[in-house]
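Following: one structure in structure tokens, then a few remarks.
Side chains included, hydrogens not; waters and symmetry mates left out as well; all remaining heavy atoms used.
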Amino acid sequence: MPSTITEYDTIAAISTPPGEGAISIVRLSGENAVQTAETLFKGKDLTKVASHTINYGHILDPDDHQVVDEVMVSVLRAPKTYTREDMVEINCHGGIVPTNRILQLLLGQGARLAEPGEFTKRAFLNGRVDLTQAESVMDLIRAKTDRAMQVAVDQLDGDLRRLITNLRQEILEVLAQVEVNIDYPEYDTDQMTTQMLKEKAEMVLAKVDELLQTASQGKVLREGLATAIVGRPNVGKSSLLNHMLHEDKAIVTDVAGTTRDVLEEYVNVRGVPLKLIDTAGIRDTEDKVEKIGVARSRKAITQADLILLVLDASQPLTSEDLELLDATADKQRIVVLNKQDLPVQMDLGDRVDQSQIVRTSITTGAGVAALDTKIADLFNDGIENSQTTLMVSNSRQIGLLRQAKVSLQAVLDGIQAGMPIDLVQIDMTAAWDKLGEITGDAAPDELITQLFSQFCLGK
């Protein structure tokens with residue numbers, strides 16, 4: 001990890017969401033952060049106050065000395081700060097006008113507008129966090145459930161970093177031993193070196209496999225369970241969406257084809273993050289616009305993690321119902337037999353496992369709680385029953401772990417095939433490099449720049 005860097009210019013950004021609120025925060029970081037804030041501050045001399053104190057005063061316009069806002073200013077001296085640089089946080093009244101005015105005045109005093117994620121990027125470059133911890137910052141901000149938040153907090157504490165660092169150290173030790181044995185063969189035999197490599201590769205591969213087994217769970221926690229609500233027209237799909245969202249988001253009528261496009265909304269169902277996708281009713285139609293919606297509905301079925309197949313229990317099975325039952329047979333699904341408040345005429349026979357069925361009446365609300373429970377049970381079988389909170393949850397980490405696994409498997413295959421030890425060593429080194437990219441110890445500059453550009457401004 002790089003040593004502390006202090007020659008950066010001073011950056012400034014608004015760190016709170018735009019809009020009206022009680023308080024907004026304008027943040028500065030850099031060697032001249034305190035001096036820059038002092039040029040606008042009327043109150044105690046910020047250059048002389050103790051570190052990690054908050055100071056009452058006013059921000060003045062340096063041109064006409066008019067008061068811009070009443071503020072509380074936190075002064076944080078390096079290295080015990082988020083960026084390991086001097087930092088200032090100006091707490092002003094919430095609102096677009098005063099917050100932007102203070103930011104513009106700071107920029108006028110020589111500060112530069114921070115790039116997205118630049119504060120966290122400086123924390124990484126100054127060795128305060130590694131890439132897994134930096135990514136967990138955004139995971140924490142975007143967490144949709146308590147469990148997702150806990151996983152992000154554990155990563156922020158460095159749990160994943162410590163595991164990856166330990167695995168890299170194990171590989172490094174065996175690589176060093178192999179080098180010694182290659183240079184001084186009189187002190188070793190090929191069998192001993194090969195056995196040592198084999199045991200270490202198997203041990204690291206097992207740990208990598210354990211992490212990869214959490215990948216699908218981690219992605220669901222991070223991104224939500226993609227849940228497609230499908231069915232033929234007028235079975236209650238949009239009504240179900242509205243009920244789960246507790247608002248009238250989708251238009252509901254008795255006219256077939258009302259929903260013509262795919263609607264997406266996030267909802268938390270008993271701690272389960274769902275990305276709900278309300279699809280157009282699937283049927284044969286000559287309407288050009290509706291045809292596009294039906295095509296998108298069919299695509300949503302193939303891409304969804306979970307299918308809520310809604311059927312109208314007050315009518316006999318139709319050819320369209322049967323088509324949807326077949327299309328979703330291999331998917332994880334819940335079959336929602338809706339309109340139970342009407343005389344039931346649908347008979348599924350043995351086409352559907354009874355454990356997949358939930359009976360509802362969206363009109364009366366009957367059975368919706370049972371549906372929530374069913375969704376939570378499906379989700380919790382893989383998540384909540386697991387005692388580990390150490391999960392990989394983003395595509396970058398997962399991809400690098402898979403590449404490391406390929407290299408480790410190549411080590412074992414090479415040993416099995418009797419390859420020379422110096423060639424096997426190349427694959428072991430490749431695994432060491434890929435694990436290093438996860439934490440940032442071996443990450444190229446372009447990757448770091450691209451990663452932090454995805455962060456929000458002011459973080």
Residues in side chain to side chain donor-acceptor pair (under 3.5 Å) with Glu70, at least two apart?
Tyr56
If you measure from the Lys or Arg side-chain nitrogens to the Asp or Glu carboxylate oxygens, is any gap between Glu437 and Lys434 under 4.0 Å?
yes
Restricting to ring-ring contact (aromatic ring centres under 6.0 Å, His included), what partner residues turn up for His93, sequence neighbours left out?
none
In terms of side-chain geometry, is the basic nitrogen of Lys121 or Glu115 positioned less than 4.0 Å from the acidic oxygen of its partner?
no
Polar side-chain atom of Lys331 near backbone of Ala304 as donor-acceptor pair, under 3.5 Å:
yes
Indicate yes or no: does Glu118 engage Arg112 in a salt bridge with an N to O separation below 4.0 Å.
yes
Trp432 side chain vs Ile171 backbone, donor-acceptor pair below 3.5 Å:
no
Given 3.5 Å as the limit, does a donor-acceptor pair link the side chain of Asp130 with the main chain of Arg161, or not?
no
Where Gly365 and His243 come nearest, the two heavy atoms and their spacing:
CA-CE1, 4.2 Å
Identify which one of Ile11, Thr39, Thr36, Leu113 satisfies the side-chain contact (heavy atoms from CB on, under 4.5 Å) criterion when paired with Leu106.
Thr36
Taking atom CG of Asp330 as the centre, report whether more than 12 heavy atoms of other residues, nucleotides or ligands fall under 6.0 Å from it.
no
So, using side chain to side chain donor-acceptor pair (under 3.5 Å) as the criterion, who are the partners of Asp353 when residues are at least two apart?
Ser355
Tell me whether Arg27 contacts the main-chain N or O of Met87 through its side chain, where contact means a donor paired with an acceptor under 3.5 Å.
no
Under a 3.5 Å distance rule, please check whether Asp86 uses its side chain to pair with a backbone N or O of Ala33 as donor and acceptor.
no
If the condition is side chain to side chain donor-acceptor pair (under 3.5 Å), which residues does Asp372 pass it with, not counting sequence neighbours?
none
Within the distance-only criterion (no hydrogens, no angle test), does the side chain of His52 pair as donor or acceptor with the backbone N or O of Lys80 below 3.5 angstrom?
yes
Check against side chain to side chain contact (heavy atoms under 4.5 Å, CB included), Glu135 and Gln397
CA-CA 10 Å; Glu135 288 170 320; Gln397 295 172 2; 2.7 Å; yes
With a 3.5 Å distance limit and no angle check, can you tell me whether Ser136 reaches the backbone of Gln133 through a side-chain donor-acceptor pair?
yes
Indicate whether any N or O donor in one side chain lies under 3.5 Å from an N or O acceptor in the other, for Tyr82 and Thr120.
yes
Can Val73 and Ile54 be said to form a side chain to side chain contact (heavy atoms under 4.5 Å, CB included), step by step?
CA-CA 5 Å; Val73 178; Ile54 188 164; over 6 Å; no
Without placing hydrogens or testing angles, list every side-chain donor-acceptor pair under 3.5 Å for residues 332-340, not counting sequence neighbours.
unit_1 : atom_1 : unit_2 : atom_2 : d
Arg333 : NE     : Gln356 : OE1    : 3.1
Arg333 : NH1    : Leu325 : O      : 2.9
Arg333 : NH1    : Thr328 : OG1    : 2.8
Asn338 : OD1    : Thr360 : OG1    : 3.1
Asn338 : OD1    : Ile362 : N      : 3.1
Asn338 : ND2    : Val235 : O      : 2.9
Lys339 : NZ     : Asn234 : O      : 2.8
Lys339 : NZ     : Asp312 : OD2    : 3.4
Gln340 : NE2    : Leu337 : O      : 3.1

With sequence neighbours excluded, what pairs up with Asn91 under the side chain to side chain donor-acceptor pair (under 3.5 Å) test?
none
Nearest non-hydrogen partners of Arg232 and Lys237, listed with the distance:
O-NZ, 3.1 Å
Distance-minimising heavy-atom pair for Asp63 and Asp61:
N-OD1, 2.9 Å
Side chains of Glu85 and Ser29 only: does a donor on one sit below 3.5 Å from an acceptor on the other?
yes
Side chains of Thr439 and Thr132: is there a donor and an acceptor less than 3.5 Å apart?
no
Between the side chain of Asn55 and the main-chain N/O of Lys44, is any donor-acceptor distance below 3.5 Å?
no
Backbone N/O of Phe119 and side chain of Thr83: donor-acceptor pair under 3.5 Å:
no
Return yes if some donor-acceptor pair links the side-chain N/O of Thr99 with the main-chain N/O of Gly95 below 3.5 Å, else return no.
yes
Will you find, in the side chains of Asn242 and Ser239, an N or O donor that is under 3.5 Å from an N or O acceptor?
no
